[in-house]
Amino acid sequence: MRNPFKRSVDVPAAVLAAVPLHKGERVLAGTETVDGRWLLGTRDALLIVSADGQVSRIPWQLVQRADWERDGDTFVVSEVGEFGRPRPEHAFAIDDPGLMLELVRERVTASVVLQRRVDLGGKKGLFVVARRAPRGDGEITWAYEFDAGVDPDDPAVAAAAQLGLEAAMQELGL
C-alpha cells in the first residue's frame with residue numbers, strides 16, 4: 001500500500017542505471033507513466049526513459065510550459081519551438097505525479113532570465129524572452145512569443161520586436 005504522506009516516487013535502480021547523467025547531476029524527482037515510461041527531473045533537464053531504456057533529454061530552458069490536466073491525469077510538456085513550425089509537445093498519462101509537477105515548474109521558471117512585454121496597440125503584443133540553463137551557466141537564448149493574431153512578418157511588428165529585443169538586451173547589459 002502506498003504511503004499517502006510520501007510525495008516522492010521510488011525510481012527502480014534499472015531505470016536510474018539507464019540514464020546518462022552529467023557530472024554533478026542527480027535525479028530530484030521521478031514518476032512512472034501509465035505506459036511504462038519514466039519521467040525523471042534533474043537540476044538540468046527532464047529525462048524521458050522509454051520502457052526499453054532509451055533516454056530523451058529536454059533541457060529546462062527548452063521547456064516552454066508544463067501543465068497538469070487533472071481530469072485525465074495527463075501531464076503535458078510543450079517545448080520552445082521555432083516560429084512557423086509546430087511546437088513539440090509531449091503528453092504523459094500519470095497516476096501519481098509525486099514531486100515532478102513542482103520540480104518542473106520550479107526549473108522552467110528558473111530558466112527564464114527576463115521576460116518583457118512589447119505592446120503593439122490595442123490588446124495585441126508580444127513577449128521578448130531570455131532563457132538560459134537554470135544552473136546559470138551557458139548562453140542566453142532569445143525568443144519571441146506573439147499574441148494570437150499578431151503577424152510576425154508584418155514590418156511594423158518585426159520592427160517593434162527588434163526594438164523590444166534591443167531594450168531587453170540592454171537591460172541585461174548585453
Side-chain angles (χ1 to χ4, degrees), residues 1-115 117 126-149:
M1 174 194 248
R2 178 163 162 65
N3 178 346
F5 300 105
K6 184 177 180 186
R7 298 192 60 212
S8 63
V9 176
D10 293 324
V11 180
V15 172
L16 291 173
V19 178
L21 297 175
H22 296 149
K23 184 177 179 177
E25 188 178 27
R26 67 183 178 91
V27 173
L28 301 173
T31 189
E32 186 175 16
T33 66
V34 171
D35 64 2
R37 292 180 286 174
W38 278 86
L39 304 179
L40 306 176
T42 72
R43 180 177 70 168
D44 301 328
L46 172 66
L47 307 173
I48 305 165
V49 184
S50 68
D52 65 357
Q54 297 295 313
V55 179
S56 299
R57 173 182 284 269
I58 306 172
W60 295 123
Q61 67 270 24
L62 298 182
V63 176
Q64 173 69 30
R65 66 181 298 139
D67 294 304
W68 174 247
E69 296 173 2
R70 202 173 291 278
D71 294 342
D73 288 340
T74 304
F75 180 54
V76 180
V77 176
S78 299
E79 293 184 48
V80 173
E82 294 179 36
F83 184 77
R85 295 182 180 224
R87 179 172 283 153
E89 193 169 272
H90 312 273
F92 307 97
I94 300 173
D95 289 331
D96 179 12
L99 294 173
M100 184 60 69
L101 301 178
E102 292 172 44
L103 178 70
V104 170
R105 286 195 178 107
E106 187 273 328
R107 296 283 74 200
V108 170
T109 300
S111 76
V112 177
V113 176
L114 178 124
Q115 180 172 314
R117 176 86 174 157
L126 62 103
F127 284 96
V128 176
V129 183
R131 304 182 92 169
R132 78 159 51 139
R135 69 172 49 203
D137 62 354
E139 184 178 318
I140 291 178
T141 59
W142 296 91
Y144 298 114
E145 294 177 20
F146 297 94
D147 289 351

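With rounding to the nearest 0.5 angstrom, the CZ atom of Arg135 is 10.0 Å from the CD atom of Gln61. Between Ile58 atom CD1 and Leu39 atom CG the span is 9.0 Å, to the nearest 0.5 Å. For the atom pair CZ (Arg105) and CE (Met100), the distance works out to 12.5 Å, reported to the nearest 0.5 Å. Between the OG1 atom in Thr31 and the CG atom in Asp10 there is a gap of 11.5 Å [rounded to 0.5 Å]. Rounding to the nearest 0.5 angstrom, the gap separating the CZ atom in Arg26 from the CG atom in Asp44 is 11.5 Å.
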Steps toward side-chain contact (heavy atoms from CB on, under 4.5 Å) verdict (Leu47, Leu21): CA-CA 10 Å; Leu47 307 173; Leu21 297 175; 3.8 Å; yes

As a quick check of understanding, evaluate side-chain contact (heavy atoms from CB on, under 4.5 Å) for Ile48 and Val77, giving each step before the final call. CA-CA 11 Å; Ile48 305 165; Val77 176; over 6 Å; no

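Counting only N and O atoms by type, the side chains of Asp52 and Ser50 include a donor and acceptor under 3.5 Å apart.
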Donor-acceptor pairs under 3.5 angstrom involving side-chain atoms of residues 126-134: please list them, not counting sequence neighbours.
| unit_1 | atom_1 | unit_2 | atom_2 | d |
| --- | --- | --- | --- | --- |
| Arg131 | NE | Ser111 | OG | 3.4 |
| Arg131 | NH1 | Val63 | O | 2.9 |
| Arg131 | NH2 | Val63 | O | 2.9 |
| Arg131 | NH2 | Ser111 | OG | 2.9 |
| Arg132 | NH1 | Gly136 | O | 3.3 |

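In this structure the side chain of Val104 reaches within 4.5 angstrom of the side chain of Phe75, judged on heavy atoms. Under the 4.5 Å side-chain criterion, counting only non-hydrogen atoms from C-beta, Val76 is in contact with Glu89. The side-chain heavy atoms of Val19 and Glu25, taken from C-beta on, include no pair separated by under 4.5 Å. Here the side chains of Leu114 and Ile140 are not in contact, with every heavy-atom distance at 4.5 Å or above. For the pair Trp68 and Asp73, the minimum side-chain heavy-atom distance is below 4.5 Å.
Between Pro97 and the choices Leu101, Leu99, Asp95, the side-chain contact (heavy atoms from CB on, under 4.5 Å) rule is met once, by Leu101.
Within the 3.5 Å criterion, the main-chain N or O of Thr42 finds a donor-acceptor partner in the side chain of Trp60. A donor-acceptor contact shorter than 3.5 Å links the side chain of Arg57 to the backbone of Pro20.
Counting heavy atoms of neighbouring residues, nucleotides and ligands inside a 6.0 Å radius, atom CZ of Arg117 exceeds 12 of them.
Between Phe92 and His90, the ring-plane angle classifies as parallel under the 30° and 60° cut-offs.
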